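The structure presented is a predicted model; accordingly, all values stated were derived computationally and were not measured.
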Amino acid sequence: MSDVEEVEVPLSDTEPEAPAADTQGVAAVPGAEESDDDELFGGPPTTMDDEPEKDTAQAEPEVDEDPVVEDIPLDEPQPKPVAVAAEQAQPEPVSVPEPEPLALDADAASSAAATLSLDAEASAAPVAAATAAATDVAAPGGRKFLEVLVKNPAKQGDGFKSFMAYEVHMKTNITLYGRTAVKVLHRYSDFLALAKYLTAEYLGVIVPAIPPKDAVGTGIMKFRSQGEEITPFILKRTAALERFMQKIAAHPVLRKDQAFISFLTTEEKVPKPKASKIASLTSKILSSYIESDEWFADKTLEVDALQGQLKTMHAALEQLVARRNALVAATTNFAESFSALADTEEEQLPELSDLMNRLSDVDAKVSKLHSKQEERDLYELSEIVFDHLLLINSIKVCLEQRIDCHRAWQSAETTLLKKKETEETLIAKDRQDKIQQAQQDVAEAQSAVDDAKRLFETVSAKLKQELKRADVVRATDTKKAMIGYVKSMMKLEQQIAAAWEKFLPYAKSVGEQ
């Protein structure tokens, strides 16, 4: 790993612009892999306002009513189709629009409402925006912001021991982070360790989902030659890791964690989480749990149903992306074949040959437009739904943590009962030499019961707030994705129609003189 590179960035009242996308990796470009051989299976930069330390209340995300759809000039050079299938040999790096820096006003620091509102006016900030703690103090001369980008995946080493390293860029004017701008390198295992650490340290807090391990994608990367290692899998992972980091940066509790701050500003390894305070594996096996809280019982059923629907939706979106990729390939093939046919007519019918060449050019431009739409379908719709699907796993982890806390509470109750029985037996036998110790044991057991009960109640209350926040974020994400999809499809159809309308008058004029 290289040394940490620190760059001083002047702060102003205006929000910073996100860095330009790199040719090999982009803020929203999918991900890369690490060297771990066991591989099997986030939001825009934000500015933040004050709120109490470790408060689980969240700001309602704000819906972006007007997602920008990239306008593709029809006279641009035609790019290669984006590779979606894993078997495609040399994919073209995909350029995905980077998120714009976002800011929160002071009045935007309200908690996520229990009732969900999808109106733009009801949302206080975009998905990756959240409130800040009292320690989040902005440097003089600027509104508070925190911008995190993950890009430029680069292969380190050769062969079986090689791995992908990712640049993590951070810009902020919040004094808590100690730096205004810094770039560090991290591998996938570092991101994974961070996710595990936060999950273990913050019971009841829904940690954003990290892209899963993938031994196949990793293996393909390891043995690709230089210049060919940036596969579609690596691109997708880069974008997913960025969304993971941005969502942590948007969380009012997780973004203040020292391990996260160290991850953004140094290349040190993430510390291992402390020993679990909740139920042991033995207690899980020997005890069953029947949900007594109607709210959590209903929420568990809702989460299970949502998981099934998201799986179906994601499968449909993957098929849509694959079909559009096939359409790109077929349209490109038609344009090339028609152009070759036009060349055979050049000597005998030059006007017809020219007309045919022009038509093939329009088809090539249409193919390019479909290729751009394929990228949008993948990164702005399919991958967002996949993030929601992964988040269900994080929610289930939190629900299981709550159950473990209840088991620990019940185990402490059982221990207390045994201690009391021992005390009563000693008193009945008038064992003065052991009664005092027995009474002390009972007091300690009672304290353990109180602590376990308090932890269960705290985790339950915190998880309720987190689940409400997750609903708001998911709904806002979904609305933004839908609006972006509709606008991009409208733009696609308009551009295709404009291309053919420009061609049609010329086609009619051929042979009329």
Side-chain angles (χ1 to χ4, degrees), residues 1-2 18-36 39 41-45 82-86 88 90-100 128 147-157 162-171 182-195 208-222 224 226-249 263-264 267 318 321 374-387 390:
M1 293 292 181
S2 63
D22 193 273
T23 56
Q24 286 188 329
V26 187
V29 174
E33 177 55 76
E34 47 118 354
S35 67
D36 291 358
E39 297 252 52
F41 185 89
V82 179
V84 176
Q88 190 157 341
Q90 297 183 3
E92 188 81 359
V94 179
S95 176
V96 181
E98 294 189 18
E100 298 179 358
E147 174 185 317
V148 182
L149 301 175
V150 179
K151 57 184 181 179
N152 300 342
K155 186 176 180 180
Q156 307 288 323
S162 63
F163 62 90
M164 274 290 172
Y166 307 84
E167 292 182 4
V168 180
H169 296 251
M170 186 272 290
K171 286 185 180 180
V182 64
K183 178 187 75 175
V184 294
L185 290 177
H186 285 291
R187 57 194 296 182
Y188 173 79
S189 59
D190 297 335
F191 292 91
L192 186 61
L194 177 63
I210 188 170
K213 294 181 178 181
D214 189 324
V216 175
T218 304
I220 293 175
M221 176 277 297
K222 286 179 180 292
R224 284 289 182 88
Q226 186 175 3
E228 299 179 350
E229 68 274 14
I230 309 300
T231 63
F233 163 75
I234 296 300
L235 295 176
K236 288 172 65 177
R237 169 161 284 183
T238 304
L241 289 174
E242 180 176 87
R243 293 193 299 271
F244 166 71
M245 294 297 293
Q246 289 174 342
K247 287 175 181 178
I248 294 177
F263 191 92
L264 291 176
E267 294 178 356
E318 283 189 317
V321 172
E374 178 198 349
E375 295 174 23
R376 296 189 186 103
D377 291 347
L378 176 62
Y379 295 116
E380 299 175 12
L381 194 59
S382 178
E383 286 294 283
I384 301 304
V385 172
F386 188 57
D387 283 352
L390 293 179

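- Using cut-offs of 30° and 60° for the angle between ring planes, the F263 and H186 rings count as parallel.
- Residues L241 and P211 are in side-chain contact: their nearest non-hydrogen atoms beyond the backbone lie under 4.5 Å apart.
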Start with the C-alpha distance between L264 and V182, add both sets of side-chain angles, then the distance that settles side-chain contact (heavy atoms from CB on, under 4.5 Å), and finish with yes or no. CA-CA 8 Å; L264 291 176; V182 64; 5.6 Å; no
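- Side-chain contact between E267 and D190 is absent, with no heavy-atom pair separated by less than 4.5 Å.
- Pairing each heavy atom of H169 with each of K183, the nearest pair is CE1-CD, 3.3 Å.
- Proximity of M170 to E147: side-chain heavy atoms (C-beta onward) are nowhere separated by under 4.5 Å.
- In plain terms, the two heavy atoms of F244 and P208 that are nearest each other are CE1-O, 3.4 Å.
- Annotation: the span from N152 atom CG to M164 atom CE amounts to 11.5 Å, rounded to 0.5 Å.
- The nearest pair of heavy atoms linking A165 to Q156 is CB-CG, 3.7 Å.
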Let's go through I248 and L194 carefully: what are the C-alpha distance in whole Å and the side-chain angles of both, what is the deciding distance for side-chain contact (heavy atoms from CB on, under 4.5 Å) to 0.1 Å, and is it a yes or a no? CA-CA 10 Å; I248 294 177; L194 177 63; 4.3 Å; yes
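- Side chains of L185 and E167 form a contact here, defined as non-hydrogen atoms less than 4.5 Å apart.
- Looking at every heavy atom in both residues, K155 comes nearest to S162 through CE-OG, 3.4 Å.
- For A193, the side-chain contact (heavy atoms from CB on, under 4.5 Å) criterion is met by V270, not counting sequence neighbours.
- In terms of heavy atoms, D387 sits closest to A209 at O-CB, 4.3 Å.
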Output, in order, the C-alpha distance, side-chain angles, deciding distance and verdict of side-chain contact (heavy atoms from CB on, under 4.5 Å) for V148 and K247. CA-CA 10 Å; V148 182; K247 287 175 181 178; over 6 Å; no
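- Annotation: side chain of D214 is in contact with side chain of F233 (closest heavy-atom distance under 4.5 Å).
- The side-chain contact (heavy atoms from CB on, under 4.5 Å) search around L381 returns L317, A481, Y485, not counting sequence neighbours.
- A 4.5 Å side-chain heavy-atom check between L149 and Q246 finds at least one atom pair inside the cut-off.
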